[in-house]
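Every chain is numbered from 1 and lettered A, B, ... according to where its sequence line falls, protein lines coming before strand lines. Reckoned from all heavy atoms, side chains included, excluding hydrogens, waters and symmetry mates.
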Number of protein chains: 4
Amino acid sequence: MAAVNKHAKIILAATKVFAKKGFFNSRISDIAKEAKVADGTIYLYFNNKYDILLSIFEEEVGKIFDKTQQLLSEEEDPRRMLEIFTNQHLRQMKKNKNLAEVIQIELRQTNKVIKNYRNNKFSSYINIIAEIIRKGQKQGVFRPDILPDVAKRAFFGALDEVSRVWNVSLETHYTVDEITHQVLSLFLSGILIENPGKH
Amino acid sequence: MAAVNKHAKIILAATKVFAKKGFFNSRISDIAKEAKVADGTIYLYFNNKYDILLSIFEEEVGKIFDKTQQLLSEEEDPRRMLEIFTNQHLRQMKKNKNLAEVIQIELRQTNKVIKNYRNNKFSSYINIIAEIIRKGQKQGVFRPDILPDVAKRAFFGALDEVSRVWNVSLETHYTVDEITHQVLSLFLSGILIENPGKH
Amino acid sequence: MAAVNKHAKIILAATKVFAKKGFFNSRISDIAKEAKVADGTIYLYFNNKYDILLSIFEEEVGKIFDKTQQLLSEEEDPRRMLEIFTNQHLRQMKKNKNLAEVIQIELRQTNKVIKNYRNNKFSSYINIIAEIIRKGQKQGVFRPDILPDVAKRAFFGALDEVSRVWNVSLETHYTVDEITHQVLSLFLSGILIENPGKH
Amino acid sequence: MAAVNKHAKIILAATKVFAKKGFFNSRISDIAKEAKVADGTIYLYFNNKYDILLSIFEEEVGKIFDKTQQLLSEEEDPRRMLEIFTNQHLRQMKKNKNLAEVIQIELRQTNKVIKNYRNNKFSSYINIIAEIIRKGQKQGVFRPDILPDVAKRAFFGALDEVSRVWNVSLETHYTVDEITHQVLSLFLSGILIENPGKH
DNA sequence: CATGAATGAGCGTTCATTCAT
DNA sequence: AATGAATGAACGCTCATTCAT
């Protein structure tokens, strides 16, 4: 078995285990068992437990980032770009629930090292939103008074919280497309029926 | 020192410690030291470490819930109500950064017991948003196609993610009122300059 | 309530609690609750937890010792004296099962201070048996080759083990008088049908 | 070092420590130090502290049981069998004083789980006595009015109490053979010089 | 490279004892 | 004398990490 496979197997197993039990409640032995390797083997590929978590972020979020960038590269309309981002994000989160859990849960915890997520893949990922907004403002289709760095957080927070429900409760039966439409519609047009103050 | 004070002191200390280090990285002895009581004293007021976390949620979120309800009780306009909720939430999170951290961080982790947060104070708090939306739909000022149970999550997620930045990074220098305006404006009117597709 | 009563109440409660849970598994608060006094009150009457155990021994065993001495004082026949001792012991153990437990269980444990039970009430109690044997040997009714200090232990051990069953299992349905007869008969006449080797 | 050795080393160390300090006064770290392993290593071989105690019982008592059975297998005379049992038991208790302590002390305590010692090795061991008695009764050499289930306890209790002295006090200087003779003689022929009431 | 037995630092929790009231 | 809230030392057990094989 090639080394690259072991690495991937451990990442996959750790994602599954972290998602199920949370980072702190997960044991190295749990991950080892799930990956079908010995406990010690994990330390041939990762420095420590926390390093596994970081690797998941960087690698898995990196994949989503790349995929999203690629999807957006052929699009020029900021409205469509936002739709693509939304749909792609929710779709990924639904497809890869384990990763969704890890992002959602672990993003907010551990020892603050990772929280200040500038200069990492996750930060880049979120900044895609800000870039789309800026592009729309340049094109004159998005309101110029919107602050991209505030709006990117609001938008990501909304997506994140909405998609959490997939892993936690059974209360929702909406499809990805329905949720995409709801959230996108909210952000694009707002909740008001009439927007007399708009211009 | 009256018992009620000890309880409050421990809650306060635990909130501070949890916010600083995260639940799992916090030690009972850290909380005891912060509260200036003996380790054992904590167990006179709480069943175990996790019980402290739950108590913070129920008690502190309960206070915010009550305060918010009171502020909203005199208002009839759903748009104003949403503004009041937003401003009040962001103001509380900025004022009580430790509690904000605990809510934001701990809400997503621990052993899934509290994650399914129906039937608790937190659930009630979030449902305020859904109620405001339903009221606005009845009054005909909010779009009827918006799903209140999806929108409440999107809205809370946006607020939550936006306010996180206060505790984590230094990147933002916006005031509460500016952020309130940004987020509210986004939700009410959307990001589009023109909304030809509306109604 | 007079102090003497508190002392007695605590002894009684402790005997009950120790019997039920064993010395190490018993909590001071258990005893306090059983005695209906505050935890701290116990320390007005006893130096520490272990002191309670010692007091039970000295006081309760002392009572049995006195009672037994009194019953034996009017008897001159060593055979009858042994019967009286046996019957009295088994009767007490059956009547006061809690004390029986404490004697049986706690006699063999704790920190060896008490185990070397010379110079205490329990030692005196066991020595009654040796005295009876010596008396019988002097009178020429008991075999002179029997060593009283060995036989006293064998006899007490037999009684102790036999009576344990009352507190632990349900396997026996024999009455005190039946058990008395069995044990006494064994010790007096042995298990052999014929004793040609005697004298 | 083979696993079987670690297991045995810990059993040996625990027996020693329990004998010296008693179960509740013994620390896992005491056992670990005595066995020259790390604290955590103990938990690779035993579930918890109490499990160590149970294992000592089952394993060590099992060995004595097997040895005794083997010694008795070639003997047909119940009188000789009783002598063999007695001698063998006392010899083992003198040889393995630590185990003797553990049996004597711990048998009567802990949380009553093992006290009802049917269906375990210890129960089997004691029942050897009852079987010998029944055999003697069938052969017509032991009195038929003796109840084997009462006598087995009386006999074991006598042996147990007599052998305790070896670990606790210095008062006795008798050899195993002397004690064997005393106890056996007592049980076979009784203490009376004449047994006119027999048969 | 891979293993998994062994390690031992670390922590949540308990509870005998104290002492201010 | 009596109380019971408060204390804090102590311990069973866990688990990330190491290393001999």
Side-chain angles (χ1 to χ4, degrees), chain A residues 1-3 5-7 24-33 35-52, chain B residues 1-3 5-7 10 24-33 35-52, chain C residues 1-3 5-7 10 23-33 35-52, chain D residues 1-3 5-7 10 24-33 35-52:
Chain A
M1 190 166 305
N5 285 336
K6 281 271 170 64
H7 183 101
F24 287 104
N25 286 321
S26 297
R27 308 295 150 228
I28 288 290
S29 58
D30 296 335
I31 299 171
K33 185 182 285 183
K36 285 175 183 152
V37 298
D39 291 21
T41 304
I42 289 179
Y43 289 86
L44 298 175
Y45 297 91
F46 301 92
N47 295 323
N48 51 47
K49 190 185 168 189
Y50 185 58
D51 187 36
I52 306 175
Chain B
M1 189 162 307
N5 285 335
K6 282 273 168 62
H7 183 101
I10 295 167
F24 286 105
N25 285 320
S26 298
R27 304 298 145 225
I28 288 292
S29 56
D30 296 336
I31 300 171
K33 187 180 285 181
K36 285 178 182 148
V37 298
D39 290 21
T41 303
I42 290 178
Y43 290 87
L44 297 177
Y45 297 92
F46 301 91
N47 295 323
N48 51 49
K49 190 185 168 189
Y50 185 58
D51 187 36
I52 306 175
Chain C
M1 191 166 301
N5 285 335
K6 281 272 168 65
H7 182 101
I10 295 168
F23 178 73
F24 286 103
N25 286 320
S26 298
R27 306 295 149 228
I28 288 291
S29 58
D30 295 336
I31 300 172
K33 186 183 285 183
K36 285 174 183 154
V37 298
D39 290 21
T41 304
I42 289 179
Y43 288 86
L44 298 175
Y45 296 91
F46 301 91
N47 295 323
N48 51 48
K49 190 185 169 189
Y50 186 57
D51 187 35
I52 307 175
Chain D
M1 188 163 307
N5 285 335
K6 281 274 167 61
H7 183 102
I10 294 167
F24 287 104
N25 286 320
S26 299
R27 306 295 146 228
I28 288 292
S29 57
D30 296 335
I31 299 172
K33 187 180 286 182
K36 286 178 182 144
V37 297
D39 291 22
T41 304
I42 290 179
Y43 291 87
L44 296 177
Y45 297 91
F46 301 91
N47 296 322
N48 50 49
K49 190 185 168 189
Y50 185 58
D51 188 36
I52 306 175

Margin query: Does A/Lys49 form a side chain to side chain contact (heavy atoms under 4.5 Å, CB included) with A/Asn47? I'd like the steps, not just the answer.
Written below: CA-CA 7 Å; A/Lys49 190 185 168 189; A/Asn47 295 323; over 6 Å; no

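- As a whole-Å value, the separation of C/Phe23 CZ from E/dC15 P is 13 Å.
- Using the six-membered ring where Trp is involved, C/Phe24 and D/Phe24 have ring planes that are parallel, under 30° apart on the 30 and 60° scheme.
- Note on A/Arg27: a side-chain N or O is less than 4.0 Å away from OP1 or OP2 of F/dA16.
- For the pair C/Val37 and D/Lys49, both in contact range of DNA chain F, the more 5′-proximal nearest nucleotide belongs to C/Val37.
- With D/Tyr45 as reference, D/Ile10 is the one residue of D/Ile10, D/Asp51, D/Ile52 to meet the side-chain contact (heavy atoms from CB on, under 4.5 Å) rule.
- Remark: C1' of F/dG8 and NZ of B/Lys33 are 13 Å apart, rounded to the nearest angstrom.
- One atom, CG of A/Asn47, and another, C1' of F/dT18, lie 14 Å apart when rounded to the nearest Å.
- Side-chain atoms of B/Lys6 lie closest to F/dA6 of the nucleotides F/dA6, F/dA16, E/dT18.
- Separating the CG atom of B/Asn25 from the C1' atom of E/dG10 is a distance of 13 Å, rounded to the nearest angstrom.
- Nearest heavy-atom pair, B/Ile42 versus B/Ile28, reported as atom, atom and distance to 0.1 Å: CD1-O, 3.7 Å.
- Annotation: of the two residues near DNA chain E, C/Ser29 and B/Ser26, the 5′-most nearest-nucleotide partner is B/Ser26.
- Put simply, CG on A/Asp39 is 7 Å from C1' on E/dG4, counting in whole angstrom units.
- With distances taken from any side-chain atom of D/Tyr43 to the nucleotides F/dT14, F/dT17, F/dT7, the minimum falls on F/dT14.
- Atom pair B/Lys36:NZ and F/dA6:C1' shows a separation of 17 Å (rounding to whole Å applied).
- Checking E/dG12, F/dA6, F/dA2 against every side-chain atom of C/Tyr45, the shortest atom distance belongs to F/dA2.
- The residue D/Ile28 sits close only to the backbone: its heavy atoms come under 4.0 Å of sugar-phosphate atoms, none of a base.
- Taking atom CD1 of residue B/Ile10 and atom C1' of nucleotide F/dA5, one finds them 12 Å apart after rounding to whole Å.
- Side-chain proximity of A/Leu44 to F/dG12, F/dT3, E/dT3: nearest is E/dT3.
- The interatomic distance linking A/Phe24 (CZ) with F/dA16 (C1') rounds to 13 Å, in whole Å.
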Note to self: Can you give me the dot-bracket string for DNA chain E, 5' to 3', counting Watson-Crick and G-U wobble pairs with both distances under 3.5 Å, using [ ] for crossing pairs and | for partners on another strand?
What the structure shows: .||||||||||||||||||||

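- Of the two residues contacting DNA chain F, namely A/Asn48 and C/Ile42, the nearest-nucleotide position lying further toward the 5' end is that of C/Ile42.
- Here the nucleotide nearest the side chain of C/Thr41, chosen from F/dA2, F/dA16, E/dG8, is F/dA2.
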